[in-house]
Amino acid sequence: RYPTMQLRWAVLVKDFTQKSVFAQTALRTDFLRSKCPDGGNVREFLDSLRTKCETLLQSGVDISPEDYQSTIISALPRYLAGFASAQLTSAQMTARSFALMSLSGTTATVSAEALLRMQDIDPDVLIHIISDEYDRIQRDRASHVTQPKPKPVEALAVIPGKQTKKAAVPRSACWTC
């Protein structure tokens, strides 16, 4: 069907390149849609997400730091996603403040685009921060579960003495029946 080996090789390269692009797109999409299972161990999930990202990068699938951060936050349970988002926002605000302070003595100006391109928290550092917060929350939850419940108050002794009036009994309407 193909007269030369060179032509046959070109057709094979074209076919497998197209299939490779589809496979890479599917792998990237699966990575970006990753979710921590409900009630799952967040630390283990984030470690596996880091490993998956490294594997994808080594196999030629492009995952930008912004996509990686977005995947981390969207994959987390709500109680940690808010924490992670706050960490990123705080880092961005701090970086912008430092950039503006360092340029305040010069006539140079920083464009809004340049400020937005500033690198905030490295995704691996973000994973470390989130894992530490997850561990802190787990320790806090465990301490609430293992604390003994207070015992009901009991009288240890009864001292006989003079009894004044009868104990007050709530009055209700009398129907003289």
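As the structure is a computational prediction, the values presented were derived from the model and not from experiment.
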Please table the atom pairs, donor to acceptor, closer than 3.5 Å between any side-chain atom in residues 72-91 and protein atoms at least two apart or in another chain.
unit_1	atom_1	unit_2	atom_2	d
S74	OG	S70	O	3.0
S74	OG	T71	O	3.3
T89	OG1	S85	O	2.9

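Note that OG of S143 is 11.0 Å distant from CD of Q138, once rounded to the nearest 0.5 Å. Rounded to the nearest 0.5 Å, atoms CZ (R43) and CD1 (I127) are 11.0 Å apart. Put simply, SG on C53 and CG on L46 are 12.0 Å apart, with the number rounded to the nearest 0.5 Å. With rounding to the nearest 0.5 angstrom, the CD1 atom of I63 is 6.5 Å from the CG atom of L57. In this structure, the separation between OG on S34 and CG on L32 is 7.5 Å, given to the nearest 0.5 Å.
Among all heavy-atom pairs drawn from Y134 and G40, the shortest one is OH-O, 3.8 Å. For the pair G60 and Q24, the tightest heavy-atom approach, listed with the atom from each and the gap, is O-NE2, 3.8 Å.
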Q) Hey, mind stepping through F31 and V61 against side chain to side chain contact (heavy atoms under 4.5 Å, CB included) and telling me if it holds? A) CA-CA 10 Å; F31 176 78; V61 177; over 6 Å; no
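Q69 places no side-chain N or O within 3.5 Å of a backbone atom of S64 that could act as its donor or acceptor partner.
By the salt bridge (Lys or Arg N to Asp or Glu O under 4.0 Å) test, R136 is found to be paired with E133, residues two or more places apart in sequence or in another chain being considered. Remark: R28 pairs with D67 by the side chain to side chain donor-acceptor pair (under 3.5 Å) rule, at least two apart or across chains. Taking R50 as the reference, D47, D124 meet the salt bridge (Lys or Arg N to Asp or Glu O under 4.0 Å) condition, with sequence neighbours excluded. Residues passing the side-chain contact (heavy atoms from CB on, under 4.5 Å) test with T51, sequence neighbours excluded: T55.
Using a 4.5 Å cut-off between side-chain heavy atoms of Ile, Leu, Val, Met, Phe, Trp and Tyr, with links allowed through other members, M93 and L126 fall into different hydrophobic clusters.
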